[in-house]
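For reference, the structure is listed below as structure tokens.
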Amino acid sequence: ILCGFIYLANIGKFASYKKSGLGLTALSNNSAEFFKKQGLRGPIFNGFDIGSYLIYHLYPVEKVFIDNRSEAYSAPFLKNTYLAIKENEDKWQEALESYKFNAILFYLYESDFRQFLYRRIHDPSWRLVYADSHAVILLRNNQGNAEVIKRFEITRRNAEQKLNFLLESENYENLVAAADVFNLLDRSDLAKKTFLRVVEKWPEKGKIWMLLGEMEYNRDSNSAVIYLEKSIAAGHNTPEAYDYLGRAYLWTHQYKKAQDAFQTALKIDPDYRERAYLKQLLQWLWFQNSNGGDKLPDDLKI
């Protein structure tokens, strides 16, 4: 029962990396240059953060769907259209019918739309044609885009070859981006191999140890525990790291350690997005330890 509870709660979760800091990266202009050089056309569905970038490079030939001037868009549009699309496939189909999108452009690290991008990459109506450490581009799978798709499509089968320019760079951000795209393509084997290269070269990168643990804990829980403990030892003391560590401990029947990890996650951030779920797990652990005979503590009530 417990294993099924944990598994179902994590369907659709993907390892992702978010860059920090400001400024342009080495490949930051390439996605827009690719768009122009290949003669691509909108309408474009784009992420909030990449909107200004696209305006700079593509306006007035192409218009963006949204940009980070939030005051320029009505609250109903933001809530009922843009944000609803990431959660609701029916809303996406409505928007697709209304706006006739021909291209999708997102920063790779816009984590809020991670699952949306995953669904589109695995949607036969769309094809991934560009990815770097800065952005991804998908095209509508139609006759007008057929030639570009034929030349540039990135698939599960050819991903390693197509992303070789990132893998050969020996640059931290490029390697992580390649692993991130591999995960989106369901090539966890390539993602793991790439992440291991990263931590071999930069063992202090606790975030990557956590991503390895996240990838492993449904397949090899003992390895997941090792990776997640390394993540925290490297200073990645986030509620997410303790959350995954707690779940890995549960898979390996280390219940006291799991309880401590979950409580640490909630102590670091009482408003952690998985708060309700962690409290459910803590309740389960509490009753396991008390045989159901003790009153549930107030701080574990949902």
Side-chain angles (χ1 to χ4, degrees), residues 1-21 109 111-112 114-115 172 176 179-180 183 188 191-192 195-196 198-200 202-302:
I1 294 175
L2 174 62
C3 293
F5 183 33
I6 298 172
Y7 177 76
L8 290 172
N10 286 278
I11 290 176
K13 290 197 173 202
F14 310 100
S16 65
Y17 164 74
K18 184 171 182 177
K19 294 180 185 177
S20 60
Y109 54 86
S111 57
D112 285 351
R114 181 75 178 180
Q115 292 187 32
Y172 171 75
V176 171
D180 214 16
N183 271 322
S188 58
K192 180 180 177 181
F195 279 142
L196 287 172
V198 172
V199 292
E200 181 179 9
W202 297 280
E204 75 282 2
K205 298 294 187 180
K207 172 74 172 183
I208 308 304
W209 286 115
M210 191 202 76
L211 295 179
L212 281 164
E214 181 183 350
M215 291 172 58
E216 284 296 298
Y217 85 94
N218 274 333
R219 291 188 292 267
D220 183 350
S221 302
N222 290 311
S223 293
V225 167
I226 292 171
Y227 292 146
L228 291 161
E229 288 178 341
K230 283 180 177 290
S231 173
I232 291 168
H236 193 69
N237 300 308
T238 65
E240 187 177 22
Y242 279 101
D243 176 358
Y244 279 110
L245 180 59
R247 299 183 198 206
Y249 282 145
L250 282 180
W251 280 109
T252 54
H253 309 294
Q254 301 180 70
Y255 298 132
K256 180 61 171 65
K257 287 185 176 182
Q259 181 173 327
D260 291 344
F262 293 142
Q263 288 175 329
T264 301
L266 293 174
K267 184 177 180 180
I268 292 171
D269 182 4
D271 298 320
Y272 178 52
R273 60 182 173 80
E274 297 283 357
R275 175 175 176 270
Y277 178 63
L278 292 194
K279 282 199 168 188
Q280 288 177 346
L281 289 176
L282 282 166
Q283 287 176 4
W284 184 86
L285 288 165
W286 174 268
F287 285 116
Q288 286 291 109
N289 293 333
S290 66
N291 295 317
D294 295 332
K295 182 180 177 182
L296 189 69
D298 288 338
D299 63 353
L300 292 187
K301 294 178 180 177
I302 299 175

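All residue numbers in this chain count up from 1 along the given sequence. Quick caveat: nothing in here was measured; it's all calculated off a predicted structure.
- No side-chain heavy atom of Ser221 sits under 4.5 Å from any side-chain heavy atom of Glu216.
- Rounding to the nearest 0.5 Å gives a distance of 4.5 Å between CG of Asn183 and CE of Met215.
- For the pair Gly246 and Ala258, the tightest heavy-atom approach, listed with the atom from each and the gap, is O-CB, 3.4 Å.
- Rounding to the nearest 0.5 Å gives a distance of 10.5 Å between OH of Tyr244 and OG1 of Thr238.
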### Query
Between Asp180 and Arg114, does a side chain to side chain contact (heavy atoms under 4.5 Å, CB included) hold up when you go through it step by step?
CA-CA 10 Å; Asp180 214 16; Arg114 181 75 178 180; 2.8 Å; yes

### Message
Working note: Trp202 + Val176, criterion side chain to side chain contact (heavy atoms under 4.5 Å, CB included); need CA distance, chi angles, decisive distance, verdict.
### Response
CA-CA 11 Å; Trp202 297 280; Val176 171; over 6 Å; no

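- Taking OH from Tyr249 and OH from Tyr242, the interatomic distance works out to 9.0 Å, rounded to the nearest 0.5 Å.
- What you find for Glu229 and Leu245 is that their closest heavy atoms are CG-CD1, 3.9 Å.
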### Task
Start with the C-alpha distance between Met210 and Lys230, add both sets of side-chain angles, then the distance that settles side chain to side chain contact (heavy atoms under 4.5 Å, CB included), and finish with yes or no.
CA-CA 8 Å; Met210 191 202 76; Lys230 283 180 177 290; over 6 Å; no

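- Without hydrogens or angle criteria, Trp209 side chain to Pro203 main chain gives a donor-acceptor distance under 3.5 Å.
- Here the closest heavy-atom approach between residue Leu228 and residue Gly213 is recorded as CG-CA, 3.8 Å.
- From Arg247, atom CZ reaches atom CG of Asp243 across 4.0 Å, with rounding to the nearest 0.5 Å.
- Summarising the geometry of Tyr272 relative to Glu240, their closest heavy-atom pair is OH-CA, 3.4 Å, with the distance given to 0.1 Å.
- Judged by distance alone, the side chain of Ser231 and the main-chain N or O of Gly206 form a donor-acceptor pair under 3.5 Å.
- Between Lys257 and Leu250, every side-chain heavy-atom pair lies at or beyond the 4.5 Å cut-off.
- The shortest side-chain heavy-atom distance between Tyr227 and Ile208 does not fall under the 4.5 Å cut-off.
- Note that OG1 of Thr264 and CD1 of Ile232 are 8.0 Å apart. Values are rounded to the nearest 0.5 Å.
- Between Thr252 and Gln254, the side chains place a donor N or O and an acceptor N or O closer than 3.5 Å (distance only, hydrogens not considered).
- Counting heavy atoms of neighbouring residues, nucleotides and ligands inside a 6.0 Å radius, atom CD of Glu200 does not exceed 12 of them.
- Going from atom CG of Asp260 over to atom OH of Tyr255 covers 15.0 Å, rounded to the nearest 0.5 Å.
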